[in-house]
Amino acid sequence: MNSQGMCAAPIGVFDSGVGGLSVLNAISAELPQEHLVYFADTAYAPYGDRSDTEIINRSLKVTEYLVNTGCKAIVIACNTATAAAVRLLREQLDVPIIGIEPGIKPAVHLSVNKRVGVLGTRYTVTSDKFKRLVEPYKQQAEIIIQACPGLVEHLEMPGDQHQAISALLDRFLAPMIEAEVDTLVLGCTHYSFLRDRIQARLASNLVILDTPAAVARELKRRLTELDLLSVDTPIDQSIQYLSTSTNMELARQVMSGLLGKNIKLNQVTE
């Protein structure tokens with residue numbers, strides 16, 4: 001493919017499920033001229049419940065699929081997959097790979113009382129990559145880390161999950177309130193969809209740090225650096241939605257609900 005063709009190629013975005021839609025929204029807003037493909041590996045969600053080997057294998061399989069269908073860059077819209085697989089993907093694939101990680105550094109710098117909270121999946125907060133990310137800042141701030149099992153699962157379920165999610169948020173945010181954190185890091189893309197409900201349970205002046213917008217800016221920087229930005233100005237941005245779900249209608253309902261619009265969802269048997 002020539003350079004002009006590469007510029008017009010889509011950007012692939014993937015997650016184990018629906019959480020990465022928060023990143024997709026940020027990319028869509030930052031790069032409205034780009035064509036996007038979103039891949040929800042729903043049949044294997046959540047990645048946080050799987051072994052390192054399974055997460056790496058699925059991340060590689062999904063990424064190879066997106067590259068083979070013509071994507072010019074890949075965004076891993078999942079903290080768990082980034083922690084487990086980003087290094088291997090960058091070694092094995094000849095396209096820009098953009099990962100995501102909790103914003104510990106900016107949170108520590110923003111915190112006034114130097115008490116920073118982090119919410120994440122059990123896999124993310126126990127991973128070696130996360131421990132290396134946190135270590136340099138332990139002398140600068142008290143960092144309260146909370147694993148949040150169940151939140152991702154309920155966000156992936158159709159129907160009214162409000163009560164179940166509320167109970168989980170009350171439990172997981174209690175240590176943050178007790179520690180009087182003034183800055184909170186959302187360490188999972190799924191949690192972006194709960195931002196308002198999280199904020200409502202905490203002090204009004206508490207700062208919540210989310211990473212989708214930062215990922216979108218980094219993607220734009222990398223594409224600009226590689227001269228891969230699209231020169232098209234489409235009237236309607238092209239976004240293709242893919243899923244490995246075995247129940248496509250339920251998956252479509254969940255994704256449409258989070259996006260606030262009805263989408264067409266195509267099944268991938270990978």
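In this chain, numbering begins with 1 at the start of the sequence shown. Given the structure is predicted, the values throughout are model-derived calculations rather than measurements.
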For ring pair (Phe, Tyr, Trp, His ring centres under 6.0 Å), just list the numbers for Y47 and Y123, CA-CA rounded to whole Å, side-chain angles, deciding distance to a tenth of an Å, and then say yes or no. CA-CA 8 Å; Y47 280 175; Y123 182 95; 9.4 Å; no

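- Around NZ of K105, the count of heavy atoms belonging to other residues, nucleotides or ligands within 6.0 Å does not exceed 12.
- Formation of a donor-acceptor pair under 3.5 Å by the N113 side chain with backbone atoms of E180 is found in this model.
- Taking a 6.0 Å sphere around CD of E225, one finds it holds more than 12 heavy atoms contributed by other residues, nucleotides or ligands.
- With sequence neighbours left out, R50 forms a side-chain contact (heavy atoms from CB on, under 4.5 Å) with Y44, E54, I55.
- By the rule that hydrophobic residues join a cluster once side-chain heavy atoms approach within less than 4.5 Å of another member, I165 and I208 end up as members of one cluster.
- Panel note: side chain S111, backbone V108; no donor-acceptor pair is recorded below 3.5 Å.
- The pair E30-R217 does not meet the salt-bridge criterion, since no charged nitrogen lies less than 4.0 angstrom from a carboxylate oxygen.
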Where do S192 and D210 land on the side chain to side chain donor-acceptor pair (under 3.5 Å) test, with the steps shown first? CA-CA 7 Å; S192 300; D210 211 351; 2.8 Å; yes

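- In plain terms, the two heavy atoms of L219 and A73 that are nearest each other are CD1-CB, 4.3 Å.
- Under the 4.0 Å criterion applied to side-chain N and carboxylate O atoms, E218 and R221 are assigned as salt-bridge partners.
- A9 and G70 make their closest contact through CB-O, 3.3 Å (heavy atoms, listed as atom of the first residue, atom of the second, distance).
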Between M248 and S243, is a side chain to side chain contact (heavy atoms under 4.5 Å, CB included) present by the stated rule, with each step listed? CA-CA 8 Å; M248 292 297 287; S243 175; 4.2 Å; yes

Assess the residue pair I11 and V75 against the criterion (side chain to side chain contact (heavy atoms under 4.5 Å, CB included)); give the C-alpha distance rounded to whole Å, side-chain angles, the decisive distance to 0.1 Å, and a yes or no. CA-CA 8 Å; I11 297 162; V75 177; 4.2 Å; yes

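- By the 4.0 Å N-to-carboxylate-O rule, E249 lies close enough to R252 to be salt-bridged with it.
- Of all non-hydrogen atoms in S22 and P212, the two that sit nearest each other are O-CB, 3.6 Å.
- Residue L151 holds its CG atom at 10.5 Å from OG1 of T121, rounded to the nearest 0.5 Å.
- The neighbour count for N266 CG, taken as heavy atoms of other residues, nucleotides or ligands under 6.0 Å away, is above 12.
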Would D15 and H190 satisfy side chain to side chain contact (heavy atoms under 4.5 Å, CB included), going step by step from the backbone distance to the final call? CA-CA 10 Å; D15 183 20; H190 284 74; 3.4 Å; yes

Where do K72 and E34 land on the salt bridge (charged side-chain N to carboxylate O under 4.0 Å, His left out) test, with the steps shown first? CA-CA 11 Å; K72 66 183 178 184; E34 298 290 346; 2.8 Å; yes

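- A donor atom on one side chain and an acceptor atom on the other are not found under 3.5 Å apart for T244 and T42.
- Summarising the local packing, CZ of R122 is surrounded by 12 or fewer heavy atoms from other residues, nucleotides or ligands at distances under 6.0 Å.
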Quick one: do K114 and E142 satisfy salt bridge (charged side-chain N to carboxylate O under 4.0 Å, His left out)? Show the steps, please. CA-CA 6 Å; K114 297 307 174 186; E142 181 183 0; over 6 Å; no

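- S166 contributes atom OG, which lies 4.0 Å from atom CZ of R197 (distance to the nearest 0.5 angstrom).
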Please determine whether side chain to side chain contact (heavy atoms under 4.5 Å, CB included) holds for the pair V37 and L242, giving the CA-CA distance in whole Å, both sets of side-chain angles, and the decisive distance to 0.1 Å. CA-CA 7 Å; V37 179; L242 307 173; 3.7 Å; yes

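- Taking 4.0 Å as the cut-off between side-chain N and carboxylate O, R201 and D170 count as a salt-bridged pair.
- Tracing side-chain contacts under 4.5 Å through hydrophobic residues (I, L, V, M, F, W, Y), one reaches L258 starting from I239; they form part of the same cluster.
- Shown are L89, T189, V62; of these, the side-chain contact (heavy atoms from CB on, under 4.5 Å) with I76 is made only by L89.
- Atom CG of N79 is separated from atom OH of Y191 by 9.0 Å, given to the nearest 0.5 angstrom.
- With values rounded to the nearest 0.5 angstrom, I143 atom CD1 is found 9.0 Å from E135 atom CD.
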